[in-house]
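Below: one structure, written as structure tokens.
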There are 2 protein chains.
Amino acid sequence: MTASSRPDHPRLRRSAGDRRAQLVQIGLELLPTTPVQELTIDEVARQAGISRSLLFHYFATKREYYTAVTRAAADLMWEHLMPAPGTPPEEQVEGMLDRYVGWVETFRETHLAFVRGAAGGDPWVAEVYQETRDRLVEVALTTLELPDSALQRQLVLAWLAFAEELIGQWAAEPTMTRPELLALLRDVLGRLTR
Amino acid sequence: MTASSRPDHPRLRRSAGDRRAQLVQIGLELLPTTPVQELTIDEVARQAGISRSLLFHYFATKREYYTAVTRAAADLMWEHLMPAPGTPPEEQVEGMLDRYVGWVETFRETHLAFVRGAAGGDPWVAEVYQETRDRLVEVALTTLELPDSALQRQLVLAWLAFAEELIGQWAAEPTMTRPELLALLRDVLGRLTR
DNA sequence: CGGCTTGCTGAGCAACGCTCAACAAGCTAC
DNA sequence: GTAGCTTGTTGAGCGTTGCTCAGCAAGCCG
């Protein structure tokens with residue numbers, strides 16, 4: 001049916017690393033438009049210009065593939081959120097919160113897809129997401145110099161869910177100024193952890 | 001392989017309503033153990049003792065089937081949360097919150113599966129969940145006699161996310177007494193909406 | 001019994017995840 | 001330059017799953 005043997009593609013050979021990166025990249029680009037579970041191997045292979053079989057050479061299973069994609073998305077966000085080295089502790093949470101809002105503003109679609117895909121369905125994917133949240137809680141607890149109790153952990157986690165939802169909603173329909181939003185989030189976190 | 005034509009099942013014929021209800025019921029029972037997307041038509045049909053084809057007679061598509069299941073789950077919870085008629089308004093939110101905690105305590109697995117399945121993947125299923133949340137926000141705004149602004153709506157929605165996460169965590173590992181939890185949730189909601 | 005409604009089935013198609021044996025691109029060794 | 005090795009790459013094909021369709025049969029009516 002489809003002329004897969006186009007004459008202008010003389011069988012390009014890539015290094016293993018390159019190919020892997022390319023496939024993950026394609027996954028990242030597809031994420032916003034396609035629910036994770038509906039992402040088909042066929043489609044990814046087609047976009048990469050390779051056969052289905054090759055994808056299974058790099059990722060033994062479909063699940064393995066899209067957990068890799070999810071992890072890549074998480075890493076991108078994490079990298080963006082992390083404070084510049086040397087930032088004084090009391091400014092770290094402040095800055096991360098600010099950058100998180102910026103992240104959601106910029107990559108609204110992608111971020112929503114990430115959160116959705118992570119929360120729903122597959123446990124493996126959910127785990128990647130949970131790791132990220134746990135790391136965020138970790139940072140919050142240490143830089144705010146809070147006691148590392150189960151209670152505090154739960155409160156910060158719940159606050160994260162609160163922040164995520166509010167920022168998502170706010171990005172879709174701004175009901176206050178950006179500084180007001182940030183102040184509100186900080187305020188709630190402050191009250192909760194005291 | 002499987003002897004599907006057991007002699008002791010002399011082709012039982014059910015009314016359309018009964019069959020539909022049975023199929024949805026099976027879906028509800030399967031939900032806690034099976035991520036929504038992994039729920040296969042084959043399995044459901046097998047448990048119901050019918051052919052795959054019949055399921056497609058009642059639900060034109062798989063999606064239609066498990067949105068029906070999700071909606072049934074949402075209705076069950078909603079029914080449980082609704083205050084008894086005649087309850088004075090100032091006690092309604094109080095009672096619903098209490099019953100919600102109870103609901104999560106009792107059906108932790110099922111509820112988690114519901115939230116997960118709803119948040120993730122399929123937009124149609126997500127819609128069912130969003131409806132429920134919207135209805136909850138509606139009730140909260142009216143019984144608390146709050147102005148129905150976009151801002152208030154967002155805050156209550158975000159608080160719902162907060163409550164959901166905290167209650168879920170707390171049910172898994174109780175870090176405070178039940179009344180303390182309820183008081184905390186009420187307090188946060190109260191501060192937010194003022 | 002004949003005829004009607006309607007719950008119900010089996011065969012089969014297309015799409016998808018996944019396997020496997022084999023091909024071939026690019027490098028090194030002689 | 002050609003023999004040989006490594007390894008990126010493919011095509012054919014299998015099992016499962018969502019979905020279709022033509023037709024069977026259970027129960028009811030006359």
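Chain letters run A, B, ... following the sequence lines, proteins first and then strands; every chain starts at 1. All values reported here derive from a predicted model rather than from experimental measurement.
A:Tyr65 comes within 4.0 angstrom of no nucleic acid atom, judged by non-hydrogen atoms across all strands. Using a 4.0 Å heavy-atom criterion, one finds that B:Phe59 contacts no nucleic acid atom at all. At the heavy-atom level, B:Thr40 lies under 4.0 Å from the strands shown only through sugar-phosphate atoms. Nucleic acid contact class of B:Ile41 (heavy atoms, under 4.0 Å, all strands): sugar-phosphate only.
Between the C1' atom of D:dG15 and the CZ atom of A:Arg52 lies a distance of 14 Å, rounded to the nearest Å. In this entry the distance linking CD of B:Gln22 with C1' of C:dG7 reads 13 Å, nearest Å. One can place CG of B:Leu55 at 13 Å from C1' of D:dT17, the figure rounded to the nearest angstrom. We find that CZ of A:Arg63 is positioned 12 Å from C1' of C:dG17, with the value rounded to whole Å. Distance, B:His57 NE2 to C:dT6 C1': 7 Å, rounded to whole Å. B:Glu38 places its CD atom 13 Å from the P atom of C:dG17, with the value rounded to the nearest Å. Computed from coordinates, the A:Lys62 NZ to D:dT16 P distance equals 18 Å when rounded to whole Å. Following rounding to the nearest Å, A:Leu39 (CG) and C:dG17 (C1') show an atom-to-atom distance of 13 Å.
With hydrogens and angles ignored, no donor-acceptor pair closer than 3.5 Å exists between the side chain of B:Ser51 and the base of C:dG10.
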Check residues 50-61 of chain B and write down every donor-acceptor pair under 3.5 Å in which the side-chain atom is one partner and the other belongs to a residue at least two apart or another chain.
{"residue": "B:Arg52", "atom": "NE", "partner": "B:Asp42", "partner atom": "OD1", "Å": "2.8"}
{"residue": "B:Thr61", "atom": "OG1", "partner": "B:Arg63", "partner atom": "N", "Å": "3.3"}

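Salt-bridge check for A:Arg135 with A:Glu138: failed, with every basic side-chain N at 4.0 Å or more from each acidic carboxylate O. Ionic pairing of B:Glu173 and A:Arg153 is not present here: no N-O contact between side-chain nitrogen and carboxylate oxygen is shorter than 4.0 angstrom. Ion pairing between a basic and an acidic side chain is recognised when a charged N comes within 4.0 Å of a carboxylate O; A:Arg191 and A:Asp187 show such pairing.
Set against C:dG17, C:dT9, D:dG8, the side chain of B:Leu54 has C:dT9 as its closest nucleotide. Listed candidates were C:dC8, C:dG7, D:dT10. Nearest to the side chain of B:Ala16 is C:dG7. In this structure, the nucleotide among C:dT9, D:dT10, D:dC19 sitting nearest to the side chain of B:Thr61 is D:dC19. Between C:dC18, D:dC19, D:dC21, one nucleotide has an atom nearer to the side chain of B:Phe56 than all others, and that is D:dC19. The side chain of B:Arg14 has C:dC8 as its nearest neighbour among D:dT10, C:dC8, C:dT9. When distances are taken from the side chain of A:Arg13 to each of C:dG7, C:dA24, D:dG18, the shortest belongs to C:dA24.
Both A:Ala60 and A:Asp42 lie near DNA chain C, and the one whose nearest nucleotide falls closer to the 5' end is A:Asp42.
Applying the salt bridge (Lys or Arg N to Asp or Glu O under 4.0 Å) test to every pair with at least one member in residues 18-37 of chain A, sequence neighbours left out, gives no pairs at all.
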